[in-house]
Amino acid sequence: MPVVALIGAQWGDEGKGHLVDLLANKARLVIRYGGGNNAGHTVVNHLGTFKLHLVPSGIFDPGIVNVIASGVVIDPEALIKEIAGLEASGVSTAKLFVSERAHVVMPYHMLLDQLQEDARGIGKIGTTGRGIGPAYADKMSRTGIRIGDLLHEETLLNRLTAVLEEKNRVLTRLYNVKPISLHDTYLRYLEFGRQLAEHITDVHPIIHRALEKDLPVLLEGAQGTLLDIDHGTYPYVTSSPPGAAGACQGAGIGPTQLDSVIGVFKAYTTRVGEGPFPTEIDGPDADILRQIGTPWAEVGVTTGRLRRVGWFDAVLARYATQINGIDTVAITKLDVLDTAPTIKICTGYQLHETQLDYPPATVAVLGQVEPIYEEMPGWMTPTTHVRHFHDLPDAAQAYVSRLCQLIGARLGIVSVGPDREQTIIAAEVF
Ligand code: GDP
Ligand code: IMO
Ligand code: MG
């Protein structure tokens, strides 16, 4: 049975939550493997509209086990709130398991994220302010606190005492702000541990028993390849590896256990936060892509910021395919282009006298490239009701086929609306 990673192939918000919700009924286990509550995954199904930040998007099917794996960084307060919201909507979280190895986003991480952003001034990254960068930095520095530590009074007190001593020196001396109370923080986080205790466990046996039994497993990506700490548009990136390699690392499975990597691409491109964006546009075409006034307008789910928009960038898309070994393509938000008379695709970059078919490694250079566009005619007709690929207008079929040709992988899914039902399965993906 397949083990499938579904990953963001652009700058995030490609519609991963929507597709995980769609595919989850084929899985027995859904695993969120990385990132934190910087993610915002929208699911629209028969139960309503949900904005998930930490809980996997497979949670709506009561038969499925959902795991928040070791590679995730968790703000326990945010997770408790999310679980309560789901329960209040009648969604059971009884089969949600949280890895005791996952790291905790602590209050000083959130504070430092905001202070560091302020200090960067015009060089700011545009983070979500959720403390994600500082939490991953502490994990790498081996000064992190793990979710399992919240269940052990002595461990928590010892670790927190040592860490807070250093953090408070930085907060008071470097940033001139008030220190964080050891006593209050200890008691608060111990209480968070108590509230999450029924979900916290060693998830390794859960995941590997499923693999041994050959059960279908779906790995849910957060963020997107161009936000990857190693391969993204550094430093305008997040602090984790959101792609297929990160899926294996974060979930604790081997790369040879992955059967397929589904790359999720919007039919155009968006980005929240700062950093280069070669195909970014403004004006009437941008207004079509922004879809302001609709529930799926290009507004960040986590921060409410307007997303920047632009045409599909096949140079970056091909790069994402190479970085992740994407074998299957999901194209989302095709319907957003229903009113565009002409659609552009960036097929290469012009850098002074040179043409490039790969993205330059440094943002200073990526910021200088001029996109080379090819144009395709729009279809100027609604597609939101279409459920079979061959029922799409010819021009829409041609556009999707051209994207797949440029991306370099086979078509699996086309999405024509935010609802679970508004999808076209073009080939078996799971
Ligand atoms: P994620 O972070 O990758 O899960 O994506 P987000 O939820 O942040 O952003 C995707 C947005 O597009 C959400 O508002 C979805 O409801 C919406 N969406 C997803 N697929 C489609 C689609 O095919 N068409 C339209 N119109 N909206 C979609
Ligand atoms: P989903 O899972 C879009 C972006 C932020 C910022 C950069 C660093 O919903 O696709 P961070 O808070 O991670 O340190 O911010 O990364 N970013 C996202 N953009 N979708 C996301 O997640 C994102 N998660 C982080 O906007 O530019
Ligand atoms: Mg999102």
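For this chain, numbers begin at 1 and follow the sequence in order. Just so you know, ligand 1 is whichever comes first in the structure, and atom 1 is the first atom listed for that ligand. Both backbone and side-chain heavy atoms feed into the values below; hydrogens, waters and symmetry mates do not. Just so you know, these numbers come straight off a predicted model, no measurement behind them.
- The closest approach between any non-hydrogen atom of Arg307 and ligand 1 is below 4.0 Å.
- Atoms of ligand 2 lying under 4.0 Å from any heavy atom of Val237, numbered from 1 in the order shown and given with element: 7 (C), 8 (C).
- Here the two rings, on Phe60 and Phe50, have centers that are under 6.0 Å apart.
- Counting atoms of ligand 2 from 1 in the listed order, those under 4.0 Å from a heavy atom of Ala39 are 1 (P), 2 (O), 9 (O), 22 (O).
- The Mg ion (ligand 3) lies closest to atom OD1 when only the N/O/S atoms of Asp13 are considered.
- Within the listing of ligand 2, atoms 27 (O) sit less than 4.0 angstrom from a heavy atom of Gly273.
- Of the listed residues (His41, Gln223, Arg307), just one forms a side-chain contact (heavy atoms from CB on, under 4.5 Å) with Asp13, and that residue is Arg307.
- In this structure, Gly8 falls outside the shell of residues with a heavy atom less than 4.0 angstrom from ligand 1.
- Closest protein heavy atom to atom 11 (C) of ligand 1: Lys333 NZ, 3.6 Å.
- Distances below 4.0 Å separate heavy atoms of Ala222 from the following atoms of ligand 2: 2 (O).
- Contact annotation: Gly40 places an N, O or S atom under 2.8 Å from the Mg ion (ligand 3).
- For the pair Ser415 and ligand 1, the shortest N or O to N or O distance falls below 3.5 Å.
- The environment of Arg159 atom CZ is dense: over 12 non-hydrogen atoms of other residues, nucleotides or ligands sit within 6.0 angstrom.
- Within ligand 1, counting atoms from 1 as listed, the ones closer than 4.0 Å to a heavy atom of Val416 are 23 (O), 24 (N).
- The shortest contact between atom 10 (C) of ligand 1 and any protein heavy atom is with Asp13 O, 3.7 Å.
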